[in-house]
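Written below as structure tokens is the structure these notes are about.
Computed from a predicted structure; not experimentally measured. The sequence lines fix the lettering, A, B, ..., with proteins before strands; numbering per chain opens at 1.
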Number of protein chains: 2
Amino acid sequence: MNRRAKLKDIAEALNVSITTVSRALNNKTDINPTTKQSILAMAKELNYKPNNLALSLRKSSTLNVVGVIVPHVKHYFFSTLLEGIMNSAHEMNYFVLLGESLHSTDREKKVLDDFSEHGVSGVLIAPCKHSDFNKNVLPIIHRRTPVVVMDRMYDNYNGNFVNTNDFKGAFEAVSHLVQSGYKRIAHIASSDSWSIGHERIKGYKEGLRQHGMPIDENYLSICNFNNKEEGAEEGYRACHKLFSLKEPPDAIFSVTDDIAIGVYQYAQENNISIPNDLGVVGFSNSEISKYLNPPLSTLEQNGKKMGEMAFDFFFRALNANGQIFQKSFKPELIIRGSSVLPK
Amino acid sequence: MNRRAKLKDIAEALNVSITTVSRALNNKTDINPTTKQSILAMAKELNYKPNNLALSLRKSSTLNVVGVIVPHVKHYFFSTLLEGIMNSAHEMNYFVLLGESLHSTDREKKVLDDFSEHGVSGVLIAPCKHSDFNKNVLPIIHRRTPVVVMDRMYDNYNGNFVNTNDFKGAFEAVSHLVQSGYKRIAHIASSDSWSIGHERIKGYKEGLRQHGMPIDENYLSICNFNNKEEGAEEGYRACHKLFSLKEPPDAIFSVTDDIAIGVYQYAQENNISIPNDLGVVGFSNSEISKYLNPPLSTLEQNGKKMGEMAFDFFFRALNANGQIFQKSFKPELIIRGSSVLPK
DNA sequence: TACGTTTACGGCAACGTTAACAAGCAGCTA
DNA sequence: TAGCTGCTTGTTAACGTTGCCGTAAACGTA
């Protein structure tokens with residue numbers, strides 16, 4: 001096979017200058033329609049494809065590449081998010097450069113710096129837990145590279161983002177448990193110090209308040225975890241603590257499905273029947289949830305749609321100078337067997 | 001912030017030529033150690049970082065980028081594979097360009113062509129189901145770009161690969177079921193026409209043979225599926241068919257965990273007790289498996305290790321001209337509650 | 001002294017592309 | 001007819017880097 005055709009080849013074949021060829025292929029003005037036609041024809045004949053590497057150097061930015069960084073690809077939500085991003089990216093002829101932070105803010109910084117060095121045209125970031133906005137993200141924005149923050153929020157951040165309305169989700173979960181007839185609703189929460197944990201706690205409390213139920217701080221159990229395995233263990237421990245109270249809860253809104261798994265394990269070992277003795281609602285509709293016994297009620301975050309929109313925001317931000325794109329997805333309550341008392 | 005320092009800046013600061021600076025920074029000969037020291041010092045002072053874009057053009061290949069393509073990121077096995085690849089890549093300062101084939105051979109081709117166009121230094125591919133080696137992969141190899149095939153095999157392929165020893169895995173699963181005391185072992189299989197399905201069927205039959213058990217083609221149920229949801233449904237259907245036989249099986253080796261979920265659903269609806277009436281063994285130790293009731297025995301494929309090795313193979317192939325790297329991972333049998341009869 | 005060899009460096013070209021400027025030419029106006 | 005205008009094309013430089021070649025100075029050898 002011959003080497004790839006370049007502008008020069010077309011130019012020589014037609015006895016015109018390289019510039020003229022470039023003009024024809026880039027739909028520039030200042031070109032005779034006849035010349036243009038013959039150039040286009042020749043380009044097709046020689047199967048001309050522009051050289052991305054040269055273009056990148058010329059424009060001093062990689063062409064059609066977005067950097068995407070998430071804490072863990074293997075978490076279901078992030079992999080669906082990624083799926084959405086890749087769908088849209090593929091449609092728009094964009095490449096996805098992928099990195100994982102593994103919930104380390106240092107690694108996150110390293111990956112983002114690498115992205116910059118590689119000259120990505122944009123960055124889509126699902127921040128790690130203690131992500132440092134000023135240190136990690138701000139430098140990218142200063143380079144005028146479009147950034148879209150996904151999934152969780154930075155304090156006082158006012159750029160492009162796509163996230164879940166955690167507050168509303170938690171509120172709905174609690175409302176549902178109340179309507180199902182549960183009276184003492186606990187929340188196994190994630191740290192108050194990051195947006196997801198914070199907003200869900202707020203939604204939980206507001207849910208209780210609006211239904212005229214007391215807020216008992218003993219029913220708020222905060223735990224710390226970074227991956228699924230820890231999640232289940234933490235859930236188990238938290239559940240154990242809740243059931244050591246004088247008056248244990250009769251329902252638990254769990255900040256994630258993984259933690260709910262720990263609750264299930266504790267319940268099974270202690271002969272606590274779900275949903276009869278204990279109602280449970282999780283968060284994120286992980287693939288496991290519907291196969292649990294009983295199937296777990298939870299909130300669907302629709303990672304795929306979020307991913308698609310995140311890419312779309314990036315794409316629009318590229319050409320809209322200064323305009324900011326924001327969207328908060330209301331999660332959808334999925335009611336299954338774990339939170340409905342049989343009549 | 002100033003713009004990034006380039007060779008010219010260092011050269012002007014020290015009154016030497018650009019070439020000399022380049023030599024110093026690239027550990028070339030023909031340079032005075034003293035000059036070299038001062039150049040290195042100045043490079044550090046100006047925080048010089050080579051411009052990848054320019055380098056890419058010069059070498060006409062993107063620097064430090066591998067293209068990775070898998071059928072679906074959201075499948076647990078592939079996401080762990082990806083995790084392994086990214087770990088190793090990150091360590092070696094490589095970027096990962098990600099694509100999904102979604103089990104479409106056309107899309108696979110498109111993504112691979114895009115990779116080539118982008119000038120990746122290597123390609124790691126987990127082929128889609130009906131992937132066309134000659135059309136999709138061969139052109140890349142012809143460009144002398146190192147390729148590592150992961151997870152499944154092409155017929156007569158003799159390049160770099162990393163996969164699961166599906167034959168041994170299936171063999172072990174069947175042996176285990178025999179040793180547990182099951183007598184009529186069925187296999188819900190995947191299509192015989194691709195390596196994974198084929199090898200597992202072979203392993204299943206060989207397992208029966210070596211334990212002196214008859215091979216009943218009625219107990220071999222082949223089904224077709226491309227994603228989890230279909231998997232469970234197909235499993236359910238296949239199970240239904242098996243239990244319509246005059247003499248239904250008392251154990252099922254399922255080609256994937258997803259299909260095993262369908263088996264569980266059928267069993268629950270029809271009051272078939274696992275493991276008492278029916279032993280079940282799955283494949284791939286998906287995250288769901290240990291949370292099923294009873295927990296599902298299965299085969300761990302260790303995607304992370306495979307991913308790490310796949311990248312390692314690529315990396316070594318870069319500099320080892322012609323040498324071929326191959327590794328078949330023996331999956332590890334994980335015995336849980338679904339395949340052991342109580343004494 | 002004369003010549004070859006080594007050491008250390010600089011100049012130029014090239015990777016493929018595009019932007020800015022220059023320039024040729026036809027047609028039109030005064 | 002001189003000069004202006006608009007249309008079309010070509011020339012040059014630049015993006016940042018490295019490989020090739022050339023060469024001056026210092027050194028060694030007969």
**Message:** For the residue pair A:R152 and A:Y154, would you count it as a cation-pi contact if the rule is NZ or CZ under 6.0 angstrom from the ring centre and within 45 degrees of the ring axis?
**Reply:** yes
**Request:** Answer yes or no on whether A:K327 is positioned over the face of A:F329, meaning its NZ or CZ is under 6.0 Å from the six-membered ring centre and within 45° of the axis.
**Result:**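 Output yes; distance and angle both within limits.
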**Request:** For residues 111-132 of chain A, pull every pair meeting ring pair (Phe, Tyr, Trp, His ring centres under 6.0 Å), keeping only residues two or more places apart or in separate chains.
**Result:**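 Found A:H118-B:F95.
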**Message:** Which label fits B:H72 and B:H103: parallel for a plane angle under 30°, tilted from 30 to 60°, or perpendicular past 60°?
**Reply:**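 Tilted, since the angle between the ring planes falls between 30° and 60°.
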Atom pair distance, as rounded to whole Å: [atom1] in [X] and [atom2] in [N]:
X     : N      : atom1 : atom2 : answer
B:L57 : D:dT18 : CG    : P     : 12 Å
A:K8  : C:dT17 : NZ    : P     : 11 Å
B:K59 : C:dA14 : NZ    : P     : 19 Å
A:N64 : C:dT17 : CG    : P     : 15 Å
A:N52 : C:dT18 : CG    : P     : 11 Å
A:K6  : C:dT18 : NZ    : P     : 14 Å
A:L53 : D:dT18 : CG    : P     : 15 Å
A:N26 : C:dA20 : CG    : P     : 14 Å

**Prompt:** With respect to the phosphate group of C:dA8, does any side-chain polar atom (N or O) of B:K28 fall under 4.0 Å of OP1 or OP2?
**Reply:** no
**Prompt:** Below 4.0 angstrom from OP1 or OP2 of C:dT18, is there any side-chain N or O of A:S22?
**Reply:**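 For C:dT18, OP1/OP2 do have a side-chain N/O of A:S22 under 4.0 Å.
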**Request:** Quick one, give me the B/S/- string for nucleotides 6-14 of chain D, reading 5' to 3', where B means a protein heavy atom under 4.0 Å from the base and S means that only happens at the primed atoms, P, OP1 or OP2.
**Result:** --BBBBB-B
**Item:** Which atom of A:V73 lies closest to which atom of B:S79, heavy atoms considered
**Value:** O-CB, 4.0 Å
**Message:** So for the helix from C:dT1-D:dA30 to C:dA30-D:dT1, with five pairs setting each end axis, what is the inter-axis angle to 10°?
**Reply:**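 That helix has its two terminal axes inclined by roughly 70°.
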**Request:** Check the pair A:D113 / A:K109 against salt bridge (charged side-chain N to carboxylate O under 4.0 Å, His left out), numbers first and verdict last.
**Result:** CA-CA 6 Å; A:D113 286 351; A:K109 173 157 183 56; 3.3 Å; yes
**Message:** Could you check whether A:S328 and A:N163, counting side-chain N and O atoms only, form a donor-acceptor pair closer than 3.5 Å?
**Reply:**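 Short answer, yes.
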**Asked** Does a sphere of radius 6.0 Å around NZ in B:K59 hold more than 12 heavy atoms from other residues, nucleotides or ligands, not counting ones at 6.0 Å or beyond?
**Response** no
**Side-chain ion pair, B:K110 and B:D106, N-O less than 4.0 Å** = no
